[in-house]
Amino acid sequence: MRFERRDIISIKDFTRNEIDYILQTSEAIEPLEKSGSDMLHGKMLATLFFEPSTRTRLSFEAAMHRLGGTAIGFAGPEGASVKKGENLADTVRVVENYADTLILRHPLEGAARLAAEFAQIPVINAGSGAEEHPTQALLDLYTILKEKGQIDGLNIALTGDLRYGRTVHSLAYALSLYDVRLHLISPELLRMRREVLDTIRKEIKVTEGTDVSKVLPEIDVLYMTRIQKERFADMAEYAKVKGAYRIDHDMLAGVKDALVIMHPLPRIDEIASDIDTTPHARYFQQVRNGIIVRMALLALILGAAE
Ligand code: NCD
């Protein structure tokens, strides 16, 4: 399996074997998160972030540093020449002279694909509008695997903003490669995007609903998401769904003991803080897994791990 110089634009570009290989590499590289390594000494990544980020940008930079490489980049277009009107293709053709891989987050769907067409170096999509967030899906899978021992056979609910949430799009595509049952729980207005639904329905059993409490007793993994306020064209629509889903400690009566609750973060009000101290909460574990999976991805595409 070859990953060297490969772009990571959509999770759909990867087979189940390839995803499993990335997860195995993550497991193998996990000890280096503490000990550090000089595996990527002399390599540099550039982060081009046109949208806010805490975890994704910092974890890519941290992952690179842990493996002995370095990182440059900008967070927010304000400080970059984009502000002067430079287009994405030119920005990419400039920055690729400085770095070995580009990590791009952009509000437009298709932006990462476009950047990859112009760039000679590998591009990693760190979020393309409401479309996809493939590296988040990989760290989500890694978390499920670590917590549950396997992904096959699980009953999983994706909850919240399934229309605009890019993490659930990538995760749904990825999960459809496994033998899982998927429950999609959202307000009517925020149902899963048609194209995602059509694709995953060909592979796995999917149900849609609006009431999370109906599925809570039977699921193994509850994946919560934030309503993506910034993607709404009409704030009156947002007002209708704002705060639509919130789980708290009391709602967990009757759930499986081993239920795992995940969230890509940032959370607003979807998960009450009284859940943080229960054995179900795994969202901070996801954060830790984020750096491990990104170390593995960087090692793979920069040719240091095979
Ligand atoms: C997510 C994103 O940017 O799509 N954040 C992240 O990368 N962990 C989720 C979100 O913003 O709601």
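The figures here come from the full heavy-atom set of this structure, side chains too, leaving out hydrogens, waters and symmetry mates. Atoms within a ligand are numbered from 1 in the order they appear, just like the ligands themselves.
Atom 11 (O) of ligand 1 has Arg226 NH2, 2.9 Å as its closest protein atom, hydrogens excluded (heavy atom only). Shortest contact from atom 3 (O) of ligand 1 to any protein heavy atom: Arg166 NH2, 2.9 Å.
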Indicate every side-chain donor-acceptor pair of residues 67-77 with a distance under 3.5 Å to a residue at least two apart or in another chain.
none

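Distances below 4.0 Å separate heavy atoms of Thr56 from the following atoms of ligand 1: 6 (C), 7 (O). Below 4.0 Å from some heavy atom of Gln136 lie the following atoms of ligand 1, by number and element: 6 (C), 7 (O), 8 (N). Here is the list of ligand 1 atoms found below 4.0 Å of a heavy atom in Leu265: 1 (C), 5 (N), 6 (C), 8 (N), 9 (C). Of all the atoms in ligand 1, the ones that sit under 4.0 Å from a non-hydrogen atom of Arg105 are 3 (O), 7 (O).
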side-chain contact (heavy atoms from CB on, under 4.5 Å) between Thr135 and Val293, worked out
CA-CA 8 Å; Thr135 66; Val293 169; 5.9 Å; no
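We find that Glu218 and Lys256 are not joined by a salt bridge, their nearest charged nitrogen and carboxylate oxygen being 4.0 Å or further apart. A salt bridge does not link Arg113 to Glu117: none of the charged nitrogens lies less than 4.0 Å from a carboxylate oxygen. Under the 4.0 Å criterion applied to side-chain N and carboxylate O atoms, Glu96 and Arg93 are not assigned as salt-bridge partners.
In this structure, Gln228 is part of the shell of residues with a heavy atom less than 4.0 angstrom from ligand 1. Put simply, part of Pro266 is less than 4.0 Å from ligand 1, judged by heavy atoms.
Of the polar atoms of Thr167, none of the N or O atoms is found under 3.5 Å from an N or O of ligand 1, judged by distance alone.
Judged purely by distance below 3.5 Å, without hydrogens or angles, the side chains of His106 and Glu51 never pair a donor atom with an acceptor atom. Between the side chains of His183 and Thr207, at least one donor N or O lies within less than 3.5 Å of an accepting N or O.
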